[in-house]
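Input: a single structure, listed below in structure tokens.
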Protein chains: 2
Amino acid sequence: MLDPLSRQLPLLDQPPRERSDAARNREALLAAAARLVEEQGVDAVTMDSVATEAGVGKGTVFRRFDSREGLMGALLNRSETEWQALVISGPPPLGPGAPAIERLHAFGHSRMELNLTHAELIRAAGRAGSRSYSAVSFAAMHMRYLLSELGVRGDLHFLATALLAPLEMVVLVQQTRVDAIPLDSVKAGWDDLVRRVVCPEVNRPV
Amino acid sequence: MLDPLSRQLPLLDQPPRERSDAARNREALLAAAARLVEEQGVDAVTMDSVATEAGVGKGTVFRRFDSREGLMGALLNRSETEWQALVISGPPPLGPGAPAIERLHAFGHSRMELNLTHAELIRAAGRAGSRSYSAVSFAAMHMRYLLSELGVRGDLHFLATALLAPLEMVVLVQQTRVDAIPLDSVKAGWDDLVRRVVCPEVNRPV
DNA sequence: GGCACAAACGGACCGTAGTCCGCTTATATT
DNA sequence: AATATAAGCGGACTACGGTCCGTTTGTGCC
């Protein structure tokens, strides 16, 4: 039985628990969408096909995920969460335990791979893609932490954004697919950018 | 009369001149689209309304611009071209005549303003937006030129991309609209990034 | 168990992007 | 001027994202 106070002051509460049928349908829809992506590619994920595949009505898909972009975002969110766990508590050098500079390089490389792997999905997710608020804010927060560990001075908020920006999917796709630059060269370029930003000479105490 | 050779070897030729009615319709469509954007915002620019407004059929809009994104891209292309002209031959510090470092700062600031001004249009243009090949390659080329003038060593191709990336609309919108950072702070942050990249100590001859 | 009600459901419906194909017209040639 | 032909044209048609609202169902309370 729920605490009666929770019922009376719902605004102070967690939003009320999701109804069981709703939860079941959400899982079924995510599973159906993931399967469609796997088997037929992102373009085959229409709201109708996902609904049919999950055995629910179309309205339900929109109720759960608001829009196609929202559905794609939810799909992305799963791997984003796994990745964040690796950064927070996975093995070094991505996870804790390695020197900050190594973690920083591993962070960038790993993010590039993640964004390229999910390029189609990120594109389909639009605003809900890699620039969703939670994804951006986690990455930026971690980046600021690593930069401060390295003694970088300046506007860490902006510097984090600036180092993250070339890891965005649109930029990576341009470089690796349009300009046909090997991924390793892109990584090396980013490493050089990092070197310049953390360079001791430009971070002299004022 | 055309050179007979041109008729016989069309592959060596410029693509045949656009038919006069086609050219007229293209202008009418661009004008109609620009007017709709101006008066009612980007969302009001549906392919039907543009066609009606220009007094042509819907199929004609698609024939000329392939897609809604293509139409938006064509609209953007006009201001992009004007901007490129300013960079190439406009007044300093954006145009030639100022020291390279000042031109670089002006370049970044100007690009930010341009991208923010056209944020809606760029979003609606999707792939045809600010990352269209011609826009990206012009900006990158100019950036490489300025960096080389400044004696920057390293992978100029990547460094140009890295300095351009934080000027992308999605990043700027995140910073100025979501995080509510004043544009001047963003500019200052970018200036600092530039300082680090062109810093003499990190560009010592090997 | 029975009741009340908010939440969830589903599918008909709407607007828009994009396709298709038979008709029209500009242009080059004679 | 007449003709041939490729390019252009237009609007009916399809598919998909998104909305709406009458119906169903899970949940907490008695």
Side-chain angles (χ1 to χ4, degrees), chain A residues 1-8 10-11 13-29 32-33 36 40-73 123-128, chain B residues 1-8 10 13-29 32-33 36 40-74 123-128:
Chain A
M1 182 184 181
L2 284 180
D3 173 10
L5 197 61
S6 303
R7 299 282 88 204
Q8 289 165 12
L11 291 180
D13 214 357
Q14 296 294 92
R17 206 168 76 255
E18 192 174 40
R19 244 169 65 168
S20 61
D21 53 347
R24 205 177 338 111
N25 282 339
R26 199 186 54 237
E27 286 311 307
L29 286 165
L36 283 170
Q40 304 185 54
V42 172
D43 288 348
V45 184
T46 68
M47 299 307 258
D48 279 302
S49 67
V50 173
T52 303
E53 199 74 8
V56 304
K58 187 179 182 178
T60 303
V61 190
F62 281 93
R63 166 168 292 271
R64 284 276 88 71
F65 301 104
D66 292 332
S67 65
R68 185 170 187 270
E69 295 193 353
L71 174 60
M72 298 302 185
R123 174 154 294 159
R127 313 161 182 266
Chain B
M1 182 184 180
L2 284 179
D3 173 10
L5 197 59
S6 303
R7 298 283 87 204
Q8 289 166 13
D13 215 357
Q14 295 296 91
R17 205 169 78 254
E18 191 174 40
R19 245 168 64 168
S20 62
D21 52 348
R24 206 177 336 112
N25 283 339
R26 197 186 54 233
E27 286 312 307
L29 286 165
L36 283 169
Q40 306 185 53
V42 172
D43 288 348
V45 184
T46 68
M47 299 306 259
D48 278 301
S49 66
V50 173
T52 304
E53 199 74 9
V56 304
K58 187 180 182 178
T60 302
V61 191
F62 281 92
R63 165 168 294 271
R64 284 276 89 69
F65 300 105
D66 292 333
S67 64
R68 184 169 188 271
E69 295 193 353
L71 174 59
M72 299 302 185
R123 180 158 317 211
R127 315 160 180 265

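The sequence lines fix the lettering, A, B, ..., with proteins before strands; numbering per chain opens at 1. No hydrogens, no waters, no symmetry mates; every other heavy atom, side chains included, goes into these values.
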Sugar-phosphate, base or nothing in reach of Arg64(B), heavy atoms under 4.0 Å: sugar-phosphate
Of Arg24(B) and Met47(B), the one whose closest DNA chain C nucleotide lies more 5': Met47(B)
Heavy-atom closest pair, residues Leu71(B) and Met47(B): CD2-SD, 4.1 Å
Value in whole Å for how far the P atom of dC16(D) lies from CG of Leu36(A): 12 Å
Separation of dG18(C) P from Met72(B) CE (nearest whole Å): 10 Å
Residues Thr52(A), Ser49(A); criterion side chain to side chain donor-acceptor pair (under 3.5 Å); working and verdict: CA-CA 5 Å; Thr52(A) 303; Ser49(A) 67; over 6 Å; no
Atom-pair distance (CZ on Arg127(A); P on dG17(D)), nearest Å: 17 Å
Atom-to-atom span, CZ of Arg63(A) to P of dG11(C) - whole angstrom: 15 Å
Ser20(A) side-chain proximity, nearest of dT16(C), dC16(D), dT27(D): dT27(D)
Spacing of Asp48(B) atom CG relative to dC13(D) atom P, expressed in whole Å: 15 Å
Touch class at under 4.0 angstrom, heavy-atom based, for Arg68(A) against every strand present: sugar-phosphate
Phosphate OP1/OP2 of dA8(C) contacted by Asn25(A) side-chain N/O (<4.0 Å): no
Presence of donor-acceptor pair under 3.5 Å, side chain of Arg19(A) and base of dA8(C): no
5'-most by nearest nucleotide on DNA chain C - Ala23(A) or Lys58(B): Ala23(A)
Nucleotide dC21(C), atom C1' - distance to CZ of Phe62(B) in whole Å: 16 Å
Nearest atoms (heavy-atom pairs only) where Ala51(A) meets Val61(A): CB-CG2, 3.5 Å
Arg26(B) CZ to dG8(D) P, straight-line distance once rounded to whole Å: 10 Å
Atom of Glu69(A), atom of Arg127(A) and distance for their closest heavy-atom approach: OE1-N, 3.5 Å
Nearest-Å distance for atom pair CD/C1', residues Glu18(A) and dA6(C): 15 Å
Atom of Val45(B), atom of Ala33(B) and distance for their closest heavy-atom approach: CG2-O, 4.2 Å
Candidates dC9(C), dA7(C), dG10(D) - which lies nearest the side chain of Asp21(A): dC9(C)
Closest to side chain of Thr60(B), choosing from dC16(D), dG18(C), dG10(D): dG10(D)
